[in-house]
Amino acid sequence: MKRVITYGTYDLLHWGHIRLLKRAKQLGDYLIVGLSTDEFNAIKGKRAYHNYEERKMMLEAIRYVDLVIPENDWGQKPEDIAMYHADIFVMGDDWRGKFDELGQLCQVVYLPRTEGISTTKIKEDLEKLT
Ligand code: C2G
C-alpha cells in the first residue's frame, strides 16, 4: 500500500487540478490531499471563491482522492507525512525545489503543471466577459 500526499487550495476546481490529482494517484494506491483552509489561504495571500467546506466536498467527489485533510500552516507537512505514513509527497513543478527537505521523510515528486489553465486565468477570462 503506497500512500501519496499532496497539498493545495483547489479553488474553482479545473482540469489542471484533476490532471495533477490523477497523476499523483497513479504513483501509489491511496491519495491524501491537504486542503488549504480559508485561514491558511489568507496567510498564502489567497482568497478562494469557494470556502473550505465547498472545496473539500468537491475534492472528495474526485475518484482519485481518498482522503482530504485540512492544511492549516506551512509547517505541518512532516507531521502529516508521519501521521498518514505517506511514502510519496507530490506537488506541481511550480513548487520545484521548495519542499526538497521532505526527501528525508519520503519520496518527493514534482509533476509538470498543466499549461493553459489556472484559477487566476479563469477569473481573468471571466472579467473580460463582463
Ligand atoms: N496545478 C497544476 N496545473 C495547474 C494548476 C495547478 O498542476 N494548471 C497544481 C499545482 O502545482 C498544485 C495543485 O495543482 O500542486 C494545487 O494548486 P493550487 O490550488 O494553486 O495550490 P497552491 O496554492 O500552489 O498550494 O503547501 C502547499 C500549498 O498549499 C500549495
Side-chain angles (χ1 to χ4, degrees):
M1 165 74 117
K2 198 175 275 191
R3 302 159 74 85
V4 185
I5 192 163
T6 189
Y7 294 81
T9 297
Y10 288 96
D11 191 28
L12 298 181
L13 196 62
H14 57 66
W15 57 282
H17 291 138
I18 303 297
R19 284 191 72 247
L20 189 286
L21 295 169
K22 178 174 184 175
R23 286 174 291 156
K25 180 62 176 282
Q26 286 168 343
L27 294 172
D29 312 286
Y30 189 88
L31 176 61
I32 303 155
V33 181
L35 182 61
S36 307
T37 60
D38 297 326
E39 296 74 15
F40 182 49
N41 275 330
I43 294 171
K44 290 201 292 189
K46 281 190 165 185
R47 224 177 82 70
Y49 179 80
H50 296 304
N51 67 32
Y52 177 79
E53 286 310 317
E54 292 159 346
R55 291 182 283 115
K56 179 173 187 283
M57 179 266 242
M58 291 170 78
L59 279 185
E60 288 173 339
I62 299 170
R63 67 175 63 204
Y64 309 118
V65 175
D66 296 289
L67 177 67
V68 179
I69 62 171
E71 180 186 31
N72 297 296
D73 57 65
W74 290 111
Q76 70 183 73
K77 296 183 177 70
E79 299 142 43
D80 292 345
I81 288 166
M83 190 186 326
Y84 295 97
H85 310 289
D87 304 291
I88 308 175
F89 168 82
V90 176
M91 289 301 294
D93 63 3
D94 47 314
W95 291 96
R96 180 173 296 287
K98 299 291 190 305
F99 300 112
D100 290 356
E101 73 281 359
L102 297 176
Q104 294 162 41
L105 305 171
C106 63
Q107 189 185 347
V108 173
V109 175
Y110 299 105
L111 297 172
R113 260 177 86 87
T114 300
E115 295 309 316
I117 184 70
S118 69
T119 305
T120 306
K121 181 178 183 336
I122 292 171
K123 288 177 181 174
E124 286 167 357
D125 289 354
L126 286 173
E127 276 293 308
K128 290 177 198 150
L129 296 178
T130 48

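Order of appearance sets the numbers: ligands from 1, and atoms from 1 within every ligand.
- For a threshold of 3.5 Å applied to N or O pairs, the pair formed by Ile117 and ligand 1 contains at least one separation below that value.
- When the options Glu115, Arg113, Arg55 are ranked by their closest heavy atom to atom 5 (C) of ligand 1, first place goes to Arg113.
- Residue-to-ligand polar distances place Lys44 within reach of ligand 1: an N/O pair is separated by less than 3.5 Å.
- Within 6.0 Å of the CD atom in Gln104, the count of heavy atoms belonging to other residues, nucleotides or ligands does not exceed 12.
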May I have the list of side-chain donor-acceptor pairs in residues 120-127 shorter than 3.5 Å, sequence neighbours left out?
| from | atom 1 | to | atom 2 | distance (Å) |
| --- | --- | --- | --- | --- |
| Lys121 | NZ | Asp125 | OD2 | 2.6 |
| Asp125 | OD1 | Lys128 | NZ | 3.3 |

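- Numbered from 1 in the order shown, with element, the atoms of ligand 1 that lie under 4.0 Å from a heavy atom of Lys77 read 26 (O), 27 (C).
- Shortest contact from atom 13 (C) of ligand 1 to any protein heavy atom: Tyr10 OH, 3.6 Å.
- For ligand 1, the atoms closer than 4.0 angstrom to any heavy atom of Gly92 are 11 (O), 15 (O).
- Taking any N or O of Ser118, backbone or side chain, none lies under 3.5 Å from an N or O belonging to ligand 1.
- Numbered from 1 in the order shown, with element, the atoms of ligand 1 that lie under 4.0 Å from a heavy atom of Lys46 read 18 (P), 20 (O), 22 (P), 23 (O).
- Remark: ligand 1 atoms within the under-4.0 Å shell around heavy atoms of Trp95 are 24 (O), 30 (C).
- Atom 3 (N) of ligand 1 has its closest protein heavy atom at Thr114 N, 3.1 Å.
- With atom 11 (O) of ligand 1 as the reference point, the heavy atom nearest to it among Asp11, Asp94, Leu13 is part of Asp94.
- Looking only at heavy atoms of the protein, atom 9 (C) of ligand 1 is closest to Leu20 CG, 3.9 Å.
- Tyr84 meets the side chain to side chain contact (heavy atoms under 4.5 Å, CB included) test with Ile32, Leu67, Ile69, Asp80; sequence neighbours excluded.
- Between the side chains of Thr119 and Asp11, no donor N or O sits under 3.5 Å from an acceptor N or O.
- Other residues, nucleotides and ligands contribute over 12 non-hydrogen atoms within 6.0 Å of the CE atom of Met83.
- The shortest N/O to N/O separation between His14 and ligand 1 does not fall below 3.5 Å.
- The closest protein non-hydrogen atom to atom 26 (O) of ligand 1 is Glu71 OE2, 2.5 Å.
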Please evaluate residues Asp93 and Arg113 with respect to the criterion salt bridge (charged side-chain N to carboxylate O under 4.0 Å, His left out), reporting the C-alpha separation (whole Å), side-chain torsions for both, the decisive distance (0.1 Å), and the verdict.
CA-CA 6 Å; Asp93 63 3; Arg113 260 177 86 87; 5.7 Å; no
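- Between the side chains of Ser36 and Lys46, not a single donor N or O lies within less than 3.5 Å of an accepting N or O.
- Here Asp87 does not pair with Lys2 in a salt bridge; the nearest charged N to carboxylate O distance is not below 4.0 Å.
- Residue contacts with ligand 1, taken as heavy atom pairs separated by less than 4.0 Å, involve Ser36 solely via side-chain atoms from C-beta onward.
- Of the residues Thr114, Thr6, Val33, the one that meets the side-chain contact (heavy atoms from CB on, under 4.5 Å) test with Leu20 is Thr6.
- For the salt bridge (charged side-chain N to carboxylate O under 4.0 Å, His left out) with Asp38, the lone residue among Arg55, Lys56, Lys44 that qualifies is Arg55.
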